[in-house]
Each structure stands twice: as structure tokens, then as C-alpha cells.
Chemist: 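First, the structure itself, so that you have it in front of you.
Since the model is a prediction, treat every value here as computed from it, not as a measurement. Naming convention: chains lettered A, B, ... in sequence-line order (proteins, then strands); numbering from 1 in each chain.
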Protein chains: 2
Amino acid sequence: MTSSEAGSRVLPATPRSGAGAGAAADKKREAAAGAALGAAARLRVAVPSVADRVAAELRLQLAEGLLLPGARLTESTIAEDLGVSRNTVREAFAELAAERLVVRHPNRGVFVASLEAGDIHDVYAVRRAIEVSAIRGGGSPERVAAVRAAVEEGKAAAAAGDEEALGNANQHFHGAIVALAGSRRLDTIMAQVLAEMRLFFHKATLDAHFYRGWLADNEEICAALEAGDLNRAGDLLLAYLDRSEERQAAVHGD
Amino acid sequence: MTSSEAGSRVLPATPRSGAGAGAAADKKREAAAGAALGAAARLRVAVPSVADRVAAELRLQLAEGLLLPGARLTESTIAEDLGVSRNTVREAFAELAAERLVVRHPNRGVFVASLEAGDIHDVYAVRRAIEVSAIRGGGSPERVAAVRAAVEEGKAAAAAGDEEALGNANQHFHGAIVALAGSRRLDTIMAQVLAEMRLFFHKATLDAHFYRGWLADNEEICAALEAGDLNRAGDLLLAYLDRSEERQAAVHGD
DNA sequence: GATTGAAGAATCGTTGAACAATCCGAACTT
DNA sequence: AAGTTCGGATTGTTCAACGATTCTTCAATC
């Protein structure tokens, strides 16, 4: 289950000089750089470092479920697969470890993080704090509109029966709620938490009913928000998060 | 202003084998490992890696104000000063960058982070979200007692006229409030935010009046918490944070 | 005099190789 | 079957090297 089976891709972006540089196929998909929400928010059009690109690649594989929780990531294997040096991979690991996507076991290696029963409550504690606070603070019309857009995105996905799009829409919804606060730090914290949960969800694959519930909740919450009834919106969101946590705990928990 | 002037110390903990290993004075102060709140929370008595120790050392110098915001941290200099390799320093930087204590400017180096006007609001947004949520959720008697302890610690420090202790007490107070929620993640987020603010406060050095206000607020908040009036405690805390932010914004100006 | 441009120095980014420390599993003993 | 020893695999850390960038300096040009 190491990454050698799943990922034999090559890194995007321009190669520098590199000596042997194993695989040389450099497909240009630099455009993906725009989606960097959790990235280091670098000024201008700075080229992301190789380490950053490695981290991004791994993050992607993590999100896609190619790397399952508990899987081991061997430095040398990944270094070879991606055509970079071990040191660089190591730096990428540091980045991912800071985001809690992987855990380092000293002298044993890094493993894809896996949420324990206790972590569920923990993650939801963060979400409750951040999301409820954000929605209670309200936000500019544009930001509220972004929340609405996410709700509609979810409905459309549901109508189309696209499960993956539905999941994404839900994440957009909650991300948009946090964005109401207009805080870079809250945004990145939320992005990290969502990334953690995404990792987690791959196991307890989600059924259709799951989503139906979300949709109704999201609609109701969004409506309250639009109506300016922030307290009600906050209460609804809080209730939703409690229920969601409960369900997660039931599916996974002890 | 580089670190070479201020920090010519040596790293704590046991040396391994290291070839040339410049300075060989290995003072044993391993006991300091217990204070690692923001650390990676490693199981058992695992020896922190060298990179971790470098990061800890830098974190310390940052907290002590030896490294002022905007100061440049040169890899090779620090590597020499601390008697470790450049690569290791680099890994430590990654850790600190993830905590926002330093910023990386590609191809230019890493610099001690400095909060801009916008960051003030940002940081307080995080604090509002986390602290208020935590206090509204209440906590076990032991945790409430911890909050009380922090309040008393502050009073004692004030009586003794120890400014530094006063500042620490205040941080303990707010840390204890977050700890009410019993969430590892919230604790580390809070620890990071406080570390960021500590960095910042070194500039706008704090006068006595500053603290007096805190003390009264803390007492009142704690009292409400102990009385079980969580809503009131939350409101008070929120008001305090708003005032605090305002003051900070004024001192530091936009 | 101010702008432009071309060396030059200082660092960073990344690599490759090396070796001790550590962990894991398997063969081997008792 | 339980305990011990041994070897292999991988991590932790260091060192040395080199291209790539950025900053600085300084001279040449308009």
C-alpha cells in the first residue's frame, strides 16, 4: 500500500536544471497554482518551490483517496517516484505534518494521518468554534452571496446525482461560512480541518441520505443568514454540527 | 541584527555522534522538554529530533525578543551558531513557518514575522471565535479551577510588581479558557496565536495601566464562569477582546 | 544628476552521497 | 513457545557542490 503502487506521476511546473532527473515528462498544468488556498500565500507570481510542489502532489493524492489513512510514506520511494531528492521530500513531509495530514513516527517514518474516535470530537470542536463565530458575525452581501452560491451548487449536484460534486459543494458551503469573517487565518484553519475530514471520510463512504439532510440544513441556514437573523443561523448551524458529529461518531466511533 | 549577535548558544539535549560538531559543550537541560505545549505531541518519551530542538531554540529566542520582527534569519549563520547542518535548520524553518512565526521569501531568506495592521483584526477574529466558543461551552470543575488559578497568578504578579509574570499570567488565563473545551487542536491553535501576539507585543511595550484593566476583566469573567453564567462570561470576554483589539489597533495604527 | 545596465558577492534551492542510529522481522537458541 | 541475536531496511543528520536569484556596487549612458 505504499505510494509506489498508486503514484508514479511526475511533478508539474518547470524543471530547473537537475542532473539525472529521471522521468522527464513535464506536462504543463501550472494553472493549478491559482487554487492554492492553504498555500503560503506568496506575493506576486512566485514559482512554488519543488518542496511545495511535492507537498501539493501528495495533498492531492491524499484528497483523492489514493493514499489511505495509516499508509506508510517512504522517503526514498516518493523521492524516486517524483524525481526529486530525499531531502526535498522530507521538507514536503514537514509541511504536511504541520497540516496534520501525516504523522511522523520518529525513526519509523511518516504515515497518512488517521482520525481516532477522540479526534472526531476534537475536529468538531474546532468547527463549532470557527463556523458559529463566523456566521454570528454576519458578513458583507458578496460573502453572503457566496454562501448562497454554495447552496445552489449543492442542489445542482444533487439533481445531477453527482456524489463527488455534492461533497465538494458541502465543503464550499462551510468554507463560505467561515469566509464571512474575512479572516485569512480562520480560512486556513478551516481549510486544514476540512482537509483532515476529507481524509477521514474516504473510509466511511457516504450514502445518499447523508447528503439529503445536508441540503435541507444548508438551505435553512442560508435563508436565516440572508434574512439577517444571525442568531437563528448560528443556532441552526450549531445544531447541524452536533448532529453531524453524532453521526460521525456512530459510524466510526467506539 | 542577525541572530549571530544575539544567539551563540548551543542546543540542549544529547549529541549523537556528529563528525566535526563544532561547539561540544552539551549542558543537560533536557528537563525543558516537558513544557512543549505547541510541540508535535509525540507519544512516550521520544527524543525530539534535532530539527525540533532547533525550532524550539528559535522559538525561545523569538519569545524572548532577541529576534525582532523583520529580522533576517540566515540559514548558514544559524547552522553554525547552533552547530547543526543547514538542512536541519531548513527543516526547523519549515516548522516555524507553519506556525507563522517566520515568513519565507523565496530566494531571499526567512524573516521574523511581523504583524501588519490587518493582521491585528485577523488574530483577534481567531481569538474571538475560539475563546468565546470555549467559554460558552463551559468545562469541568478542574478546568474552571485552572482558569481561577491563572487569575490569582495574575493578582500575585501584580502585587509583586513583576511585569513579565503579569504578561505570562494573562496568557495563561486565556489559554486556560480555551482549555475548557478540552480540544487538542484548539489548544495548539491558541498557543500559536498567542505566540504570534507575543512576538508582536515586544514592540508596543506594555505599560502598567494596561495590565490593571486585564486583571479586573479576568476576575469578572472568571467569576461569571464559576457561577455558571456562561452567557455572561462569554459576553464579557467578547467585550474584552473587542476593547483589546481596539487598543492594539490604536497603539499600532493603521 | 538620474536612469540603466553589467559584474560580483551573498544566499538560497536542490541534489547526491555518506554513515550512524534505530526499528523490524527472521533465523536461531533454550 | 518464549527469548535472544543478527541482518536488512529506513530514518536522521551531515557535508559538499552547483545552478539560480537577489542584492549591491559601480561604472557607463542619456
Chemist: Using whole Å, what does the distance between atom C1' of nucleotide D:dT14 and atom CD of A:E91 come to?
Modeler: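 For the pair A:E91 CD and D:dT14 C1', the rounded distance is 15 Å.
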
Chemist: Donor-acceptor pair under 3.5 Å: do we get one between A:R104's side chain and the base of D:dG12?
Modeler: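 Between D:dG12 and A:R104, which were checked side chain against base, a qualifying N/O pair under 3.5 Å is absent.
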
Chemist: Between atom CG in B:N87 and atom P in D:dT14, what is the gap in whole Å?
Modeler: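 Nearest whole value for this atom pair: 9 Å.
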
Chemist: The side chain of B:N107 is closest to which nucleotide in this list: D:dT14, D:dT21, C:dT11?
Modeler: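 Of D:dT14, D:dT21, C:dT11, D:dT21 is nearest to the side chain of B:N107.
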
Chemist: Check the distance between C:dC12's C1' and B:E80's CD and give it to me in whole angstrom.
Modeler: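 So the CD-C1' distance, B:E80 to C:dC12, works out to 16 Å.
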
Chemist: Would you say A:Q192 and A:E196 are linked by a side-chain donor-acceptor pair, where the criterion is simply a distance under 3.5 Å?
Modeler: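 There is no such pair between these side chains.
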
Chemist: Among the nucleotides C:dG16, C:dT22, C:dG13, which one has an atom lying closest to any side-chain atom of B:R90?
Modeler: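 Nearest to the side chain of B:R90 among the choices is C:dG13.
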
Chemist: Where the side chain of A:T88 is defined as all heavy atoms beyond and including C-beta, which of C:dT14, C:dT15, D:dT10 is the nearest nucleotide?
Modeler: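 Of the candidates, C:dT15 comes closest.
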
Chemist: Round to a whole Å and report the spacing from CZ of A:F93 to P of D:dT11.
Modeler: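 For the pair A:F93 CZ and D:dT11 P, the rounded distance is 8 Å.
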
Chemist: Given atom CG of A:D52 and atom C1' of C:dC12, what is their separation to the nearest angstrom?
Modeler: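 Roughly 14 Å, once rounded to whole Å.
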
Chemist: On DNA chain D, check which nucleotide each of B:A51 and B:R86 is closest to and give me the residue with the more 5' one.
Modeler: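 The residue whose closest nucleotide sits nearer the 5' end is B:A51.
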
Chemist: Report the distance from atom CD of B:E75 to atom P of D:dA20, rounded to the nearest whole Å.
Modeler: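 Rounding to the nearest Å, CD of B:E75 and P of D:dA20 are 18 Å apart.
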
Chemist: Are B:E64 and B:R198 close enough for a salt bridge, meaning some N to O gap below 4.0 Å?
Modeler: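 Salt bridge flag = no for B:R198 with B:E64.
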
Chemist: May I ask you to say whether A:E245 pairs ionically with A:R127, meaning some side-chain N is under 4.0 Å from a carboxylate O?
Modeler: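 Here A:E245 does not pair with A:R127 in a salt bridge, since their nearest N and O are not under 4.0 Å apart.
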
Chemist: Can you measure A:R72 atom CZ to D:dT10 atom P for me and round it to whole angstrom units?
Modeler: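 A:R72 atom CZ is separated from D:dT10 atom P by 7 Å.
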
Chemist: Could you tell me whether A:R59 and A:E95 have a side-chain N and a carboxylate O separated by less than 4.0 Å?
Modeler: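 Judged by the 4.0 Å cut-off on N to carboxylate O distance, A:R59 and A:E95 do form a salt bridge.
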
Chemist: Which comes earlier along DNA chain C counting from the 5' end, the contact point of A:V89 or that of B:G109, where each point is its nearest nucleotide?
Modeler: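 That would be B:G109.
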
Chemist: Separation of B:L82 atom CG from D:dT13 atom P, in whole Å?
Modeler: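 Going from CG in B:L82 over to P in D:dT13 covers 13 Å.
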
Chemist: B:E131 versus B:Y124: any side-chain heavy-atom pair under 4.5 Å?
Modeler: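 In short, these two side chains do not touch, never coming nearer than 4.5 Å.
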
Chemist: From C:dC12, D:dT13, C:dT15, pick the nucleotide closest to the side chain of B:T74?
Modeler: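 Side chain of B:T74 sits closest to C:dC12.
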
